[in-house]
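Both counts, for ligands and for their atoms, begin at 1 and track the order of listing.
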Amino acid sequence: MIIKPKTRGFICTTAHPEGCALHVQEQIDYIKSKGSFNGPKKVLIIGASTGYGLASRIAAAFGTSAATIGVFFEKPASETKTASAGWYNTAAFDKRAKEAGLYSKNINGDAFSNEIKQKTIDIIKRDLGKIDLVIYSLASPRRTNPKTGITHNSVIKPIGNPFTNRTIDFQNGVVSEVTIQPATEDEIKDTVAVMGGEDWEMWIQALKDADVLENGFKTVAFSYIGPKLTHAIYTNGTIGKAKEHLDKSSKVITDMLKEIDGKAYISVNKALVTQASSAIPVVPLYISILYKIMKEKGLHEGCIEQAYRLFAERLYSDSLELDSEGRIRIDDWEMRDDVQENVIPAWEKINTENVYSLSDLEGYRNDFFKLFGFGFKEINYENDISPIVEIPDIE
Ligand code: NAD
């Protein structure tokens, strides 16, 4: 099969196995270039196949030689259709981990279900005994609550008033104005049910009940705050409500872990191009401007640089500084005054004509296609290759 990018709206429906493998390799090389650091030994990553979860898995495995179990929801290939990028990423990660002599196990299925939780616990008991870190990095448009059987769909909408602002179609560079109507009460509740902390709490409770958590166990879930210009659609919108709930869950979980001296953290991360963030209106235009400014200042980071700082300079450093709300901040460079001061004037002026000079739209687009394994110079995309790639260690 000759595999080229095929896009539908903000998603790419194809992925290139060799390109995804290179993308994973780049991240492994980055972590190796930093040298080993103190860190976890046995890690469960929930949402391990793309974005922040994959980068965390790579940092743990190749930075601290940790054994990793990855849970994700991805599609394998057929003769006529490519696998999803996360499938190819995991195949590449697993291969490299095995070559490095590292334990790696993969579980493909719905992390929100009781069945996948039980399967994970059985594997931990069988292979690792106990784990010392859980990274919770799910981004999903829906969740079926295993207790009620109800499926909730999340929405990305403001709360209270309609929100009008600039947005971009990052494929053709057209900047336009978008108005998003406010969410209903039910939509707010549903979004909290999907992206809030209920499932994180369920995971940690199940792992604790099964007695598979080490003393001093840690768990981290990811959040975002960002500047005022995205607040109406993010922090003060439906997704922000879910993140507020996630924050509360970190406290519930820390209480749950008292006897084993465990702790749950929220890490506030930088805005980055991932499959999840490209679905949010307004945010891709903000990210394009931010990329330009942060690159000019030598402050640009991707998921892997963020994951490195999270592990080596925060979670497992000698002194872990938290903000006034008790959160880890690795969005510190994004939120620096000298960065944000430059975002506002660009935001006010940006339009279809000047988008390439005021933002790094090209960088955004390149990063987007890289998520699916496209745009690597090393790869000849005219080559006819098989889309079928197995993940050796999958249960
Ligand atoms: P992503 O889309 O790259 O990754 C999502 C992961 O969740 C994938 O591994 C996917 O397979 C998995 N997943 C989704 N539904 C699942 C299910 N039902 N069962 C099992 N696995 C499932 O997303 P991301 O951007 O890395 O986001 C991860 C977290 O980081 C989210 O909480 C997000 O809010 C947060 N975050 C993202 C950004 C950003 O700019 N991308 C910034 C700050 C915080």
Quick check: [X] and ligand 1, any N/O pair under 3.5 Å apart?
X	answer
Gly109	yes
Gln275	no
Asn269	no
Phe73	yes
Met195	no

For Ser49 and Asn89: C-alpha separation, side-chain torsions, deciding distance, then whether side-chain hydrogen bond (donor to acceptor under 3.5 Å, both in side chains) applies. CA-CA 6 Å; Ser49 53; Asn89 291 340; over 6 Å; no
Which residue owns the protein heavy atom closest to [atom], what's the atom, and how far is it?
atom	answer
atom 3 (O) of ligand 1	Thr50 OG1, 2.9 Å
atom 11 (O) of ligand 1	Glu74 OE2, 2.8 Å
atom 9 (O) of ligand 1	Ser49 OG, 2.6 Å
atom 19 (N) of ligand 1	Ala111 N, 2.8 Å
atom 35 (C) of ligand 1	Phe222 CB, 3.7 Å
atom 12 (C) of ligand 1	Gly47 CA, 3.8 Å
atom 24 (P) of ligand 1	Thr274 OG1, 3.8 Å
atom 28 (C) of ligand 1	Ser137 OG, 3.1 Å

Non-hydrogen atoms of Gly86 versus ligand 1: any pair closer than 4.0 Å?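 So Gly86 does not count as touching ligand 1.
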Which atoms of ligand 1 have any heavy atom of [X] under 4.0 Å away?
X	value
Ser140	15 (N)
Ala48	9 (O)
Ser223	43 (C), 44 (C)
Gly51	3 (O), 26 (O)
Ala276	2 (O), 23 (O), 25 (O)
Leu272	39 (C), 40 (O), 41 (N)
Lys243	31 (C), 32 (O), 33 (C), 34 (O)
Asp110	17 (C), 18 (N), 19 (N)

Between [options], which one has a non-hydrogen atom sitting closest to [atom]?
atom	options	result
atom 14 (C) of ligand 1	Ser277, Ala139, Ala271	Ala139
atom 38 (C) of ligand 1	Tyr52, Phe112, Tyr224	Tyr52
atom 31 (C) of ligand 1	Leu138, Ile135, Thr144	Leu138

Is the backbone of [Y] close enough, under 3.5 Å, to the side chain of [X] for a donor and an acceptor to pair up by distance?
X	Y	value
Ser277	Leu272	yes
Asp209	Ala206	no
Asp132	Phe217	no
Glu305	Gly302	yes

Side chain, backbone, both or neither: which part of Arg143 has a heavy atom under 4.0 Å from ligand 1?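 It is neither part, as no heavy atom is under 4.0 Å.
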Evaluate whether atom NZ of Lys241 has more than 12 neighbouring non-hydrogen atoms of other residues, nucleotides or ligands under 6.0 angstrom away.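 Counting other residues, nucleotides and ligands, NZ of Lys241 stays at 12 neighbours or fewer.
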Does atom NZ (Lys6) have a neighbourhood of more than 12 heavy atoms from anything else shown, all under 6.0 Å?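 Count not over threshold, so no.
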Could you check Arg309, Arg327, Lys270 and say which one makes a salt bridge (Lys or Arg N to Asp or Glu O under 4.0 Å) with Asp332?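 Looking at Arg309, Arg327, Lys270, the match for Asp332 under the salt bridge (Lys or Arg N to Asp or Glu O under 4.0 Å) is Arg309.
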Between Lys292, Lys295, Arg365, which is the residue that forms a salt bridge (Lys or Arg N to Asp or Glu O under 4.0 Å) with Asp360?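 Among Lys292, Lys295, Arg365, the one meeting salt bridge (Lys or Arg N to Asp or Glu O under 4.0 Å) with Asp360 is Lys295.
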Out of curiosity, does Met294 fall in the hydrophobic cluster containing Phe170 (side-chain heavy atoms, cut-off under 4.5 Å, transitive links)?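 The answer is yes; both residues are in one hydrophobic cluster.
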When hydrophobic residues are tied together by side-chain contacts of less than 4.5 Å, even through go-betweens, does Tyr136 share a cluster with Ile239?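 No, because Tyr136 and Ile239 fall into different hydrophobic clusters, even though each may have its own neighbours under 4.5 Å.
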Aromatic ring pairing Tyr52/Phe222, orientation class (parallel under 30°, perpendicular over 60°, tilted between):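 Tilted: the ring planes of Tyr52 and Phe222 meet at 30° to 60°.
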Assign the ring pair Phe62 / Phe93 to parallel, tilted or perpendicular, where the plane angle (0 to 90°) is split at 30° and 60°.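 If you compare the ring of Phe62 with that of Phe93, the planes turn out perpendicular.
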Dump the intermediate steps for ring-ring contact (aromatic ring centres under 6.0 Å, His included) on Phe368 and Phe10, then the final yes or no. CA-CA 9 Å; Phe368 178 82; Phe10 50 75; 8.7 Å; no
How about Thr219 and Trp203: does a side-chain donor come under 3.5 Å of a side-chain acceptor?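 No donor-acceptor contact under 3.5 Å links the two side chains.
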